[in-house]
Amino acid sequence: MKHLIIGGVAGGATAAARIRRADELAEIVLIEKGPYISYANCGLPYYIGGTIADRENLFVQTPESFGRRFAIDVRVENEAVGINTEEKTVTICRKDGSEYTEWYDKLLLSPGSSPVRPPLKGIDLDGIFTLRNVEDTDRIKQYLDTHNVRQAVVVGGGFIGLEMAENLHHAGAQVSIVEMGNQVMAPVDFSIASHVHRELMSKGVNLYLGKGVERFEREGEGVKVFFNTGESIHADIVLLSIGVRANTQLAQQAGIGLGERGIKVNEYLETSAKDVYAVGDAIEFTHPLTGQPWLNFLANPANRQGRIVADNMVMGNTQSYEGAIGTSIAKVFDLAVGSTGLAAKRLKQLGIPYQSSTTISAAHAGYYPNSFQLTTKLTFDPETGKLYGAQCVGSEGVDKRIDQLSLIIKNGGTVAALTRLEHAYAPPFSSAKDPIAIAGYAAGNIVSGAMQVMTWRELNALDRGAVTLIDVRTPAEYELGSIEGAINIPLDDLRERLGEIPTDGKAVVVFCAVGLRGYLAQRILVGRGFRNVRNLSGGYKTYSLATQEIKNEEMAVEPKKVVHTAVQDILRVDACGLQCPGPILKLKKAMDDMEEGESIEVKATDAGFPADAKAWCATTGNLLETSDSKDGFHTVTIRKGSASKPVAGAPVTEKNKTLIMFSDDLDKALATFVLANGAAATGHKVSIFFTFWGLNVLKKEQKPAVKKDVFGRMFSWMLPASSRGLSLSKMSMLGIGDRMMRHIMKQKNIYSLEEMRQQALDNGVEFIACQMSMDMMGIKKEELLDEVNIGGVATYMERAEHANVNLFI
């Protein structure tokens, strides 16, 4: 029996070795276009970045050693250029251009894939590369060694692009990633990709999302990259990572059946031509969950296919291939991102009904040192709980969780199966309730109806006036940031403060940091008669990360040299294992006992800590001197300043404006909106806090009927029904002066109060109504303009701390 194999990487090499183990006497010929076989394709970026120092470590076998060990005729730099399936022959072209013909009994195609290289103007300029094989790697490595590469541009935010971005960064380049989509790492959902966005920005990698490359031009010794938005950036090297395309040309020329994008194979991995098989990147196979054919560019399935196809080629079609669900993992600096099965975005595209849940847990016991957070997102059938997909992101433990989840999904398991897994538990490795179990419990509550959830995307799309937002975190957490319009009622105070939650029929959305306290709050409210209560899936951490602003800038901290305190005198605080606001609270407690000018170094495993520390310093007058992240640990150095003297460059010096509208006098209301519109017109962020009588300025003219107690009805009788009923502070004269003022304004083409108010809203001015004043005066949110947010003193103070003008009117 003569077996001819075209392609010597992954599936082809695996099949060749397996055939030999199954049949010692078979003739095996391996044809490979390039000079290498069986090399570590996935390790190429790490060799470029220097993590893999020895080039030879990339090669599992050389053509010579592989051929000798398995008695295989390995022919490198030989390219198959034609197949005659009727005569069972293959035409092969040698390196020197000469051709010859080889016959076969069984033929295996493992041609792999090639990087997409679109026909853009200037794409063939020197310094623009793709990375797919060893030859590409050598060219890039040589270029880096012979050129002064300071700025690198990676086009495409896929796995290879992100790995190259990290390794070019390690090589000393300032890296920018250009991605046409709105996120990097397209296979995962946006909320998971947001973790990667934060990680990249924290390392100083610039992100240009939602931008396509239009052309390249030579600029000095480098390249200028032009976007379809009209922007451009300079690069000393460009790496194209736009995607790959299955190599199907040889099969097509031979008349072998193709699918939409790859070679069609049956369950035995045999093509439409008898005795011709195919494996790897080039084949299309049915997805076990969708029933639709798809391409899977991953090494693990290719190797498994190689084993199965070898048995079928030697022993007949006896082994079936079950298909792959697409299990993958990538390292992005200090993060690991794993994915398996179908993400929410894919399910939505396919029109498959689904529900999702997001949970955040410690990768191992929180009380054991160096505990990192692990975020797990599940997608599942809302009725049966059948698992469709899972994604994990974190600094530790992602690999073993995604592997367990993959096994359950591939075997048709449900979310309930996650709770039945027996995990090996010891504090250094997991918790008594493993993150997978917690994810299963949360998803199970959704399926059973015990927990109604709202995703960050659903909340972000809603008009804030359509829901009541309750932040059940502590006041300290709330002060560090919350969702706009949220009322802070800590979980432990909830039962005593139920009267502060409107009973107007609107959905109540509760949230905490990660979702657990939100669930407990939801159960309290449901048990107390509230009917439409939802818990924000993944909590504030997921929401804030998914809605973060992409900022392209260098690390906004001073270099280490500015530290004035001797290194040995720095107070060091270990906040590892603590989650927000734990590290900040520990920082504050330690700093309270320090003298002005002294420095403190805090180490934490909470990925959000650097941003929290920067914000905390900006509002407390302390100086963030250094910030560093490595191996999942985040270390900041802060020098104590004067609380009464905010540091230069901190957000408190922003040109934001806040106004307190305490009065309901017509003239004072007019002045308020004149000032607000003027400030907004110059690009400043403006917030108006309406309290006590100022609430009358916000009342609708056509208000819905609302239920009020006796005091609320009394206030309604005594106060203006709307802004139309406001009086002048002087010369009102029983309303004559008010009407005269409005008449003169109309005659002189001056906007009315109501028009100025609408202009303010159109200009982005934020209206905040004081919750306490509303409660005291019996004013319901439904009586106020729909655009109004409800807040308290903490909400106003947070805005005021970021403003350089605060007016009381």
Side-chain angles (χ1 to χ4, degrees), residues 3-19 28-39 41-42 44 63 66 72 74-85 88-95 99 101-102 104 106-117 130-136 243-266 269-273 275-285 293-310 312-313 321 324:
H3 300 278
L4 185 59
I5 300 172
I6 298 174
V9 182
T14 297
R18 176 76 172 177
I19 290 172
I28 307 172
V29 179
L30 180 62
I31 305 297
E32 169 55 43
K33 178 181 178 181
Y36 309 101
I37 66 164
S38 194
Y39 56 84
N41 191 294
C42 297
L44 300 179
F66 187 77
I72 294 173
V74 180
R75 304 177 190 174
V76 295
E77 298 184 302
N78 278 239
E79 181 181 3
V81 294
I83 302 172
N84 187 322
T85 58
K88 288 193 170 183
T89 59
V90 176
T91 303
I92 301 168
C93 180
R94 299 184 182 91
K95 185 180 180 180
E99 294 184 352
T101 300
E102 195 69 61
Y104 65 86
K106 302 284 184 179
L107 174 65
L108 175 62
L109 304 179
S110 182
S113 57
S114 300
V116 174
R117 197 177 177 94
T130 56
L131 177 62
R132 192 63 183 170
N133 52 39
V134 176
E135 298 95 303
D136 293 338
V244 295
R245 184 182 292 113
N247 291 331
T248 60
Q249 301 91 332
L250 188 63
Q252 184 177 20
Q253 292 168 6
I256 293 171
L258 302 181
E260 291 184 11
R261 293 184 295 164
I263 301 171
K264 278 186 177 181
V265 294
N266 61 20
L269 300 173
E270 189 174 16
T271 70
S272 62
D275 295 327
V276 179
Y277 297 79
V279 296
D281 289 356
I283 71 167
E284 236 181 44
F285 199 85
W294 76 300
L295 296 173
N296 185 14
F297 301 116
L298 294 171
N300 180 281
N303 280 281
R304 173 160 170 72
Q305 293 160 16
R307 288 179 61 89
I308 291 172
V309 81
N312 291 335
M313 291 170 71
Y321 178 53

Quick one: side chains of residues 77-84, donor-acceptor pairs under 3.5 Å with protein atoms, not counting sequence neighbours, listed by atom name and distance.
| unit_1 | atom_1 | unit_2 | atom_2 | d |
| --- | --- | --- | --- | --- |
| E77 | OE2 | K95 | NZ | 3.4 |
| N78 | OD1 | Y100 | OH | 2.8 |
| N78 | ND2 | V76 | O | 2.9 |
| N84 | OD1 | E86 | N | 3.1 |
| N84 | OD1 | E87 | N | 3.0 |

Review point. So does R307 have more than 12 non-hydrogen atoms from other groups sitting under 6.0 Å from CZ?
Key: no
Check your understanding: Do the side chains of F285 and L269 get nearer than 4.5 Å, heavy atoms only?
Key -> yes
Study note, to complete from the structure: In short, salt bridge (Lys or Arg N to Asp or Glu O under 4.0 Å) pairs touching residues 247-261 with sequence neighbours left out are none
Exercise for review: For the residue pair Q249 and N247, establish whether any side-chain heavy-atom pair is separated by less than 4.5 Å.
Suggested key: yes
Practice item. Answer whether the closest heavy-atom distance between the side chains of I6 and L250 falls below 4.5 Å. Key: yes
Check your understanding: Is there side-chain contact between V276 and Y104, with at least one heavy-atom pair below 4.5 Å?
Key -> yes
Practice item. Working to the nearest 0.5 Å, report the span between CZ of R132 and CZ of R117. Key: 14.5 Å
Exercise for review: Could you grab the distance from atom CE of M313 to atom CD1 of I19, nearest 0.5 Å is fine?
Suggested key: 4.0 Å
Point to revise | Nearest heavy atoms of Y36 and E135, plus distance in Å | key: CD1-OE1, 4.1 Å
Point to revise | Non-hydrogen side-chain atoms of I256 and L109 separated by less than 4.5 Å | key: yes
Practice item. Establish, from distance only, whether the side-chain atoms of R304 and T14 form a donor-acceptor pair under 3.5 Å. Key: no
Check your understanding: Tell me, do I72 and F66 make a side-chain contact under 4.5 Å, heavy atoms counted?
Key -> yes
Point to revise | Non-hydrogen atoms of A282 and P111 that approach each other most closely | key: CB-CG, 3.6 Å
Exercise for review: Decide if atom NZ of K264 counts as having more than 12 heavy atoms of other residues, nucleotides or ligands within a radius under 6.0 Å.
Suggested key: no
Review point. Should we say atom CZ of R245 is surrounded by more than 12 heavy atoms from elsewhere, each under 6.0 Å from it?
Key: no
Practice item. First locate atom CG of L44, then atom CG of N133, and finally report the distance between them rounded to the nearest 0.5 Å. Key: 7.5 Å
Check your understanding: Are Q305 and V265 close enough that some pair of their side-chain heavy atoms sits under 4.5 Å apart?
Key -> no
